[in-house]
Participant: 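This structure is in structure tokens; I'll ask about it shortly.
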Number of protein chains: 2
Amino acid sequence: MPDDHSDPDLAFAPHDHARCAGDAMARAETSLALGGQRLTAVRRRTLQILLESHRALGAYEVLDRLVADGYGNQPPVAYRALEFLEEQGLVHRIRRLNAFTACMHPGEVHAPAFLICRACHAVAEAPAGTLGAALQAAADTLHFTIERSTIEAVGLCPACKATAGTATRGIA
Amino acid sequence: MPDDHSDPDLAFAPHDHARCAGDAMARAETSLALGGQRLTAVRRRTLQILLESHRALGAYEVLDRLVADGYGNQPPVAYRALEFLEEQGLVHRIRRLNAFTACMHPGEVHAPAFLICRACHAVAEAPAGTLGAALQAAADTLHFTIERSTIEAVGLCPACKATAGTATRGIA
DNA sequence: GTTGACATGTTATACTGTAACGCTATATCC
DNA sequence: GGATATAGCGTTACAGTATAACATGTCAAC
């Protein structure tokens with residue numbers, strides 16, 4: 001099983017990966033400490049796995065890597081850590097892919113929106129812009145109170161658009 | 001297994017159910033005919049099931065009802081019909097619930113947005129408003145081309161907000 | 001009435017997610 | 001330090017969701 005160095009980048013543009021991962025981990029430690037939450041070994045390693053791989057991983061992919069590090073090898077081990085991290089706003093769940101990805105700017109309140117390339121499987125966390133407000137407005141007209149939201153779009157990233165028609169593997 | 005008359009209404013406000021279902025079926029026939037697509041028996045019945053039940057149904061729930069009508073009793077029968085209807089814009093998939101619901105206004109181009117009550121499980125298709133534009137704008141900044149989108153919010157509908165704290169069953 | 005394309009029926013299996021139980025580690029209180 | 005309470009982890013077992021692959025049937029065009 002190959003490592004994931006060759007996998008598509010999380011954002012569509014290149015950037016300082018090590019730095020953004022390190023920053024995210026540091027912020028995670030701080031924000032958990034402030035909230036009185038415990039970043040245990042499994043949770044820390046799970047977050048690291050997502051930060052390192054730098055793309056959306058399925059729960060069972062995460063589990064495989066936890067197993068390789070000597071942690072429990074049953075699904076709940078991964079799911080519990082992922083759910084905890086999601087509740088803490090450190091990880092996002094991408095329902096379209098049945099996958100999880102590390103949050104690139106934890107701490108900031110945001111209704112995460114994801115852009116998923118169907119050709120190269122890259123996933124980018126989109127700038128929120130007026131999205132949150134627009135969703136809130138839609139909910140308001142029905143007097144609905146939003147607690148959590150999922151916003152995901154499937155399409156083509158700039159790179160795959162450029163090579164459109166060539167050897168890309170589709171998601172459907 | 002009880003019928004679904006007591007299930008939460010699709011929209012949060014009462015309305016003329018028979019009429020909206022009938023309209024939707026009529027529009028479905030027209031739009032499929034124009035596109036040269038075939039509304040076969042299974043597909044038609046599947047759409048009817050979703051329109052009648054008037055809430056989000058899992059694929060296996062749809063399958064149960066198809067079986068009761070004498071259709072094939074294996075998952076692909078339901079999944080194929082549902083996928084076809086989704087491609088045609090007649091059905092929406094609600095990923096948060098692993099469920100499907102009939103589109104309430106097929107034909108109109110729209111980025112469907114769903115409001116899901118975690119207490120009573122009602123699902124409403126939210127007015128699009130500026131949502132589509134906001135999502136498009138977010139994608140534009142990354143030069144991403146959107147082909148399909150999933151927008152779902154979990155929270156409390158007006159009725160469940162009113163009875164907050166009383167006997168409601170949570171989704172989580 | 002044969003051909004070809006599309007749709008359905010069916011088998012089998014893969015993938016995703018969770019309930020429940022017992023043990024261990026950590027924190028707290030005395 | 002030792003008792004107690006709580007949260008987290010490991011494990012078993014299973015439930016729920018989805019799809020690949022192939023066989024059969026149906027329909028329209030020629």
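Chain letters run A, B, ... following the sequence lines, proteins first and then strands; every chain starts at 1. Since the structure is predicted, the reported quantities are computational estimates derived from the model, not experimental observations.
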Participant: Not counting sequence neighbours, list each pair that qualifies as a salt bridge (charged side-chain N to carboxylate O under 4.0 Å, His left out) and has a residue in residues 68-92 of chain B.
Facilitator: Arg45(B)-Asp69(B)

Participant: Between Thr150(B) and Arg95(A), does any side-chain donor sit less than 3.5 Å from a side-chain acceptor?
Facilitator: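 There is no such pair (donor and acceptor under 3.5 Å, judged by atom type) between the side chains of Thr150(B) and Arg95(A).
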
Participant: Closest-nucleotide mapping onto DNA chain C: is Tyr60(B) or Thr40(B) further toward the 5' terminus? I mean the 5' end.
Facilitator: Thr40(B)

Participant: Apply side-chain contact (heavy atoms from CB on, under 4.5 Å) to Gln74(A) and list each qualifying residue two or more places apart in sequence or on a separate chain.
Facilitator: Pro76(A)

Participant: Identify which nucleotide among dG10(D), dA20(D), dG9(C) has an atom closest to any side-chain atom of Val77(B), counting heavy atoms from C-beta outward.
Facilitator: dG9(C)

Participant: Do the side-chain N or O atoms of Asn98(B) get closer than 4.0 angstrom to the phosphate oxygens (OP1, OP2) of dA18(D)?
Facilitator: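 Result: yes.
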
Participant: Under the 6.0 Å and 45° cation-pi test, does Arg43(A) pair with Phe84(A)?
Facilitator: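 Yes, Arg43(A) sits over the ring of Phe84(A).
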
Participant: Quick one: Arg44(A) CZ to dC9(D) P, roughly how many Å, whole number?
Facilitator: 12 Å

Participant: What residues from residues 78-95 of chain B pass a heavy-atom cutoff of under 4.0 Å to DNA chain C?
Facilitator: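 Arg80(B) - these, ordered by number, are the residues of the stretch whose heavy atoms sit under 4.0 Å from the strand.
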
Participant: Can you list the residues that meet the side-chain contact (heavy atoms from CB on, under 4.5 Å) rule with His143(A), with sequence neighbours excluded?
Facilitator: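 Per chain and number, His143(A) pairs via side-chain contact (heavy atoms from CB on, under 4.5 Å) with Pro158(B).
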
Participant: In whole Å, what is the span from the CZ atom of Arg96(B) to the P atom of dT17(D)?
Facilitator: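 After rounding, the gap between these two atoms is 15 Å.
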
Participant: Which pairs with one or both residues in residues 28-40 of chain A pass side chain to side chain donor-acceptor pair (under 3.5 Å), sequence neighbours excluded?
Facilitator: Glu29(A)-Arg44(A)

Participant: Can you give one letter per nucleotide of nucleotides 24-29 of chain D, 5' to 3': B if a protein heavy atom sits under 4.0 Å from the base, S if only from the sugar-phosphate, - if neither?
Facilitator: ------

